[in-house]
Asks: 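Take a look at the following structure, please.
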Amino acid sequence: MDTDRLPGCYRHPDRDTGITCTRCERPICPECMISASVGFQCPECVRGGSGTGHRPTANAARTIAGGVVAEDPQLVTKILIGINVAVFFAGLLVPGLVVQLGLLGRYVEYFGGPVQGVSTGEYHRLLTSVFLHVEWWHIISNMIALWVIGGPLEAALGRTRYLAVYLLSGLGASALVYLLTAPNAPTVGASGAIFGLLGATVVLARRLRYEMRPVIIMVVLMLVLTFVPFGGAVRVSWQAHVGGLITGALVGLGMLTPTAAKHRALVQWGTCAVVFLLAAALIMLRTAELT
């Protein structure tokens, strides 16, 4: 037995290290050590409190976008998948749910009936439609894409920033659908928001200087599947896909553009505000046209 060997990191036992946490004295490797006012601390001690009177997250490990590194880096993705699945089953059990919550510009179910749609003030449809699916293949394919694309992006951005990308992408996708689609044509599905995550992933890959060809190939392939009909039986909303992709890329640029730490929040949430206002302008424009 080699008694001279350094101890292994308490989180990564295969990594020898001579550094210990200044609070609990457990060995920590360079990946786990977090700079403190004196020496280094482990993630658990930092998460429990900085010991300096600051918030527990003051010295927490941060993602490339400035979010706090979470114990479960894919929690929001799991919750989003759970919500989508729950709403799908609710749609099977509750008659008319898709008509009530789906994206419709202006719709009358029967002659003399009440007018429904976003143009009548039902703006909730712009986001509720993002969580609706009507076919098994639809929700299964979207949830697989959400897991594959969303999980790594959430780990890179952090929970709050990732959720902002998802919701704004869904809103941007719905805004373009509302603007360019026939007002009585229903549109549902999470694909617009997922395309937004894909747009942000392109920005992330460029920021990290990854090989761009695999990401570009994925974008091109998904766009081909959007615009090329297969048998004509399935109607795919290219407006949702393009709107989500553009929105996600714009928000991703705001989240991932290198900025001084003291200005980062202003740039990130300012970008979100601008994107939201652009989507709102398109929505108001279409509403004025339909009414």
Side-chain angles (χ1 to χ4, degrees), residues 76-105 107 116-118 122-151 153 162-163 165-201 218-219 221-249 251 279 282-283 286:
V76 175
T77 300
K78 295 175 184 175
I79 292 174
L80 289 172
I81 291 174
I83 293 174
N84 276 278
V85 172
V87 173
F88 173 73
F89 282 108
L92 296 179
L93 298 173
V94 180
L97 185 67
V98 173
V99 174
Q100 296 169 15
L101 300 180
L103 180 53
L104 284 164
Y107 171 77
Q116 304 176 55
V118 178
E122 297 176 338
Y123 294 108
H124 61 274
R125 292 175 178 268
L126 295 162
L127 279 180
T128 55
S129 61
V130 176
F131 295 91
L132 283 170
H133 298 82
V134 295
E135 300 288 349
W136 284 99
W137 65 264
H138 193 199
I139 187 168
I140 290 174
S141 60
N142 275 348
M143 292 307 98
I144 291 174
L146 176 55
W147 178 254
V148 171
I149 300 172
L153 185 63
Y162 169 75
L163 184 59
V165 174
Y166 186 88
L167 293 178
L168 283 172
S169 296
L171 179 63
S174 293
L176 198 62
V177 170
Y178 181 45
L179 181 67
L180 300 179
T181 302
N184 63 339
T187 304
V188 297
S191 55
I194 294 169
F195 263 81
L197 300 183
L198 183 59
T201 298
M218 180 184 296
V219 173
L221 178 60
M222 292 184 72
L223 287 176
V224 167
L225 294 175
T226 296
F227 287 99
V228 177
F230 291 90
V234 178
R235 177 183 174 274
V236 177
S237 175
W238 66 264
Q239 297 92 338
H241 292 183
V242 172
L245 184 67
I246 294 173
T247 304
V251 179
L282 294 179
I283 293 165
R286 180 60 164 166

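Every value quoted in this text rests on a predicted model; they were computed, and no experiment measured them.
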Asks: Give me the atom names and distance for the closest heavy-atom approach of M222 to I149.
Replies: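 Shortest heavy-atom contact: SD-CD1, 4.4 Å.
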Asks: Drop me the distance from T247's OG1 to L168's CG, to the nearest 0.5 angstrom.
Replies: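 So the gap between those two atoms works out to 8.0 Å.
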Asks: Would you mind listing every salt bridge (Lys or Arg N to Asp or Glu O under 4.0 Å) that reaches into residues 175-186, with sequence neighbours excluded?
Replies: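 Qualifying pairs, neighbours excluded: none.
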Asks: Within the structure provided, determine whether N142 and I194 are in side-chain contact (heavy-atom separation under 4.5 Å).
Replies: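 Heavy-atom side-chain distance check passes, below 4.5 Å.
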Asks: Excluding sequence neighbours, so at least two apart, what forms side-chain contact (heavy atoms from CB on, under 4.5 Å) with L179?
Replies: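 side-chain contact (heavy atoms from CB on, under 4.5 Å) check on L179 returns L176, L282, L285, R286.
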Asks: Could you work out, with side chain to side chain donor-acceptor pair (under 3.5 Å) as the rule, every residue matching S191, not counting sequence neighbours?
Replies: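 S191 satisfies side chain to side chain donor-acceptor pair (under 3.5 Å) with H241 once adjacent residues are dropped.
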Asks: Looking only at non-hydrogen atoms, find the nearest pair between M143 and A190 and report the distance.
Replies: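 Scanning both residues completely, I find the closest heavy atoms to be CE-CB, 4.3 Å.
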Asks: Between R125 (side chain only) and G102 (backbone N and O only), is there a donor and an acceptor less than 3.5 Å apart?
Replies: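 Yes, because the side chain of R125 sits within donor-acceptor range (under 3.5 Å) of the backbone of G102.
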Asks: So, for G192 and A173, which heavy atoms are closest and what is the spacing to 0.1 Å?
Replies: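 Heavy atoms of G192 and A173 come nearest at CA-CB, 3.7 Å.
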Asks: With sequence neighbours left out, write down each residue that passes side-chain contact (heavy atoms from CB on, under 4.5 Å) with V99, or none if nothing qualifies.
Replies: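 side-chain contact (heavy atoms from CB on, under 4.5 Å) list for V99, sorted by chain: Y107, Q116.
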Asks: In the structure I gave you, are the side-chain heavy atoms of V85 and I139 within less than 4.5 Å of one another anywhere?
Replies: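 Yes; the side chains approach each other to less than 4.5 Å.
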Asks: Return the set of residues passing ring pair (Phe, Tyr, Trp, His ring centres under 6.0 Å) with F131 (not counting sequence neighbours), or none when no residue passes.
Replies: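 Testing F131 for ring pair (Phe, Tyr, Trp, His ring centres under 6.0 Å), a comparison that skips the adjacent residues, returns none.
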Asks: Given 3.5 Å as the limit, does a donor-acceptor pair link the side chain of T128 with the main chain of L101, or not?
Replies: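 Judged by distance alone, yes, a pair lies under 3.5 Å.
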Asks: Distance check, rounded to the nearest 0.5 Å: L80 atom CG versus L163 atom CG?
Replies: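 Reported to 0.5 Å precision, the distance equals 6.5 Å.
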Asks: Taking only residues at least two apart or on different chains, which pairs with a member in residues 165-177 satisfy side chain to side chain donor-acceptor pair (under 3.5 Å)?
Replies: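 Found none.
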Asks: On a heavy-atom basis, which atom in V177 and which in A240 lie closest, and how many Å separate them?
Replies: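 Heavy atoms only, the tightest pair is CG2-N, 3.4 Å.
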Asks: With rounding to the nearest 0.5 angstrom, report the OG1 to CG distance, T181 to L103.
Replies: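 So the gap between those two atoms works out to 7.5 Å.
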Asks: Does Y162 reach the side chain of L197, with side-chain heavy atoms less than 4.5 Å apart?
Replies: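 In contact.
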Asks: Once side-chain contact (heavy atoms from CB on, under 4.5 Å) is applied, do any residues pair with E135, and if so which ones, sequence neighbours excluded?
Replies: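 W137, H138.
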Asks: Would you list the pairs meeting salt bridge (Lys or Arg N to Asp or Glu O under 4.0 Å) in which at least one residue belongs to residues 76-95, sequence neighbours left out?
Replies: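 Listed once each, the pairs are D72-K78.
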Asks: Side chains of L223 and F195: closer than 4.5 Å at any heavy-atom pair?
Replies: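 Touching, per the 4.5 Å side-chain cut-off.
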Asks: So, using side-chain contact (heavy atoms from CB on, under 4.5 Å) as the criterion, who are the partners of L127 when residues are at least two apart?
Replies: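 If we apply the side-chain contact (heavy atoms from CB on, under 4.5 Å) test to L127, skipping adjacent residues, the hits are L171.
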